[in-house]
Amino acid sequence: MKWFLCLVLFLGCTVCGYIYAGSIQRRIALLLSLKTAWQTLKTRIHFFADPLQQALVQSAVILPKDTAALFLALGERIQKSNDVTVAMNQTLEEIIGEQTAYACLSDADRQALVTFAQRLGKDSHTQQAAFEWLDGYFENEIEQGQQRMRSQVRLYRASGLLLGLLFVVLFL
């Protein structure tokens, strides 16, 4: 029984370390996916001259499932309200609440998407500036996330493993 308890504590601590490290990796992957999605949207708007709502729906067709769900929901909300900022707020609340893939986004990431929606004007120059701002934000956050990943992922994994070993030594 004692060995079983030690094994459970060891595995539990190790898994916790891996789960926490995994959240850092998932955030970077999601930011990369969102960056690609917004670049696709930018292309639809600027080169195909699609209206925002139509560009969102057309872009969603070629995007991965999680990002496509965000774009489709945002497109539907814009069609209903015609206010991009309100639609972005509502969509983020809905999507983040329903899909666990977006749970790893920080509050700053969510606020950046809302700020992007606020900056997204009607003319092409304002839209271009908003897309460039968002692209810069994603680049900065991805770079910082990769630095954090290099320094902390191994630390979290090793900490979980060592904490598990500590419990095993204490109980034996």
Side-chain angles (χ1 to χ4, degrees), residues 15-16 18-153 156-157:
V15 167
C16 286
Y18 274 80
I19 287 172
Y20 195 70
S23 68
I24 296 171
Q25 294 170 319
R26 282 189 304 275
R27 179 175 179 260
I28 293 170
L30 182 59
L31 288 175
L32 285 168
S33 178
L34 284 172
K35 179 182 176 195
T36 303
W38 291 110
Q39 288 173 342
T40 303
L41 179 65
K42 176 183 171 184
T43 302
R44 295 287 320 177
I45 290 173
H46 291 288
F47 293 111
F48 294 107
D50 290 342
L52 180 60
Q53 191 271 334
Q54 182 182 351
L56 284 164
V57 173
Q58 292 295 323
S59 297
V61 173
I62 61 171
L63 294 173
K65 185 177 121 180
D66 294 333
T67 313
L70 174 69
F71 273 38
L72 287 173
L74 184 57
E76 289 173 10
R77 297 242 190 234
I78 289 173
Q79 187 177 15
K80 292 177 186 174
S81 71
N82 281 337
D83 186 359
V84 179
T85 305
V86 171
M88 181 67 82
N89 278 326
Q90 291 173 347
T91 303
L92 286 174
E93 288 176 16
E94 175 187 318
I95 292 292
I96 290 171
E98 290 178 2
Q99 295 190 12
T100 57
Y102 286 93
C104 61
L105 287 180
S106 68
D107 290 335
D109 297 335
R110 295 177 194 139
Q111 187 58 42
L113 292 174
V114 171
T115 302
F116 166 74
Q118 291 170 345
R119 292 181 175 196
L120 197 61
K122 301 294 180 193
D123 62 58
S124 64
H125 295 296
T126 308
Q127 287 178 347
Q128 183 73 22
F131 279 112
E132 288 175 11
W133 177 83
L134 188 65
D135 191 44
Y137 175 82
F138 281 140
E139 282 292 325
N140 185 37
E141 288 299 311
I142 290 167
E143 183 179 318
Q144 287 178 1
Q146 287 173 338
Q147 289 174 351
R148 184 175 176 218
M149 186 174 73
R150 282 191 291 275
S151 66
Q152 293 180 349
V153 165
Y156 293 141
R157 288 178 179 170

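Nothing fancy with the numbering, it's 1 onward along the sequence. Here the structure is a predicted model, which means the values were calculated and not measured.
- Contact check for Q128 versus H125: no side-chain heavy atoms found under the 4.5 Å cut-off.
- Residue A112 comes nearest to W133 through the heavy atom pair O-CZ3, 3.3 Å, listed as atom of the first residue, atom of the second, then distance.
- Note that CZ of R148 and CD of E143 are 15.0 Å apart. Values are rounded to the nearest 0.5 Å.
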Next on the checklist: Walk me through whether L134 and T115 qualify under side chain to side chain contact (heavy atoms under 4.5 Å, CB included).
Outcome noted: CA-CA 9 Å; L134 188 65; T115 302; over 6 Å; no

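- Judged by distance alone, with hydrogens and angles left aside, the side-chain atoms of S59 form no donor-acceptor pair with the main-chain N or O of L56 at under 3.5 Å.
- Under the 3.5 Å distance criterion, the side-chain polar atoms of T40 are matched with a main-chain donor or acceptor of T36.
- Atom CD1 of residue I78 and atom CD of residue Q54 lie 12.5 Å apart, to the nearest 0.5 angstrom.
- Under a 4.0 Å N-O distance rule, the pair K42/D135 does not qualify as a salt bridge.
- Residues F131 and H46 have side chains in contact (heavy-atom distance under 4.5 Å, counting atoms from C-beta outward).
- For the atom pair CZ of R119 and CD of Q127, the computed distance is 14.5 Å after rounding to the nearest 0.5 Å.
- One N or O on the side chain of Y102 and one on the backbone of D66 form a donor-acceptor pair closer than 3.5 Å.
- Between T91 atom OG1 and L70 atom CG the span is 7.0 Å, to the nearest 0.5 Å.
- Considering only residues two or more places apart in sequence or on other chains, R157 meets the salt bridge (Lys or Arg N to Asp or Glu O under 4.0 Å) condition with none of them.
- Among I24, I28, L30, the single residue meeting the side chain to side chain contact (heavy atoms under 4.5 Å, CB included) criterion with C104 is L30.
- Using a 30° and 60° split on the angle between ring planes, F71 and W38 fall in the tilted class, from 30° to 60°.
- The distance from atom CD of Q111 to atom CD of Q118, rounded to the nearest 0.5 Å, is 7.0 Å.
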Checklist entry - Going through the distances and angles, do Y137 and D109 end up as a side chain to side chain contact (heavy atoms under 4.5 Å, CB included)? => result CA-CA 9 Å; Y137 175 82; D109 297 335; 2.5 Å; yes

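- Between the side chain of R110 and the backbone N or O of L105, at least one donor-acceptor pair lies under 3.5 Å.
- D50 contributes atom CG, which lies 4.5 Å from atom CZ of R44 (distance to the nearest 0.5 angstrom).
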Checklist entry - What do the steps show when you test E93 against Q90 for side chain to side chain contact (heavy atoms under 4.5 Å, CB included), and what is the final call? => result CA-CA 5 Å; E93 288 176 16; Q90 291 173 347; 5.7 Å; no

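- For the side chain to side chain contact (heavy atoms under 4.5 Å, CB included) criterion with L72, the lone passing option out of L63, V57, T67, V61 is V57.
- Residues L74 and M88 are in side-chain contact: their nearest non-hydrogen atoms beyond the backbone lie under 4.5 Å apart.
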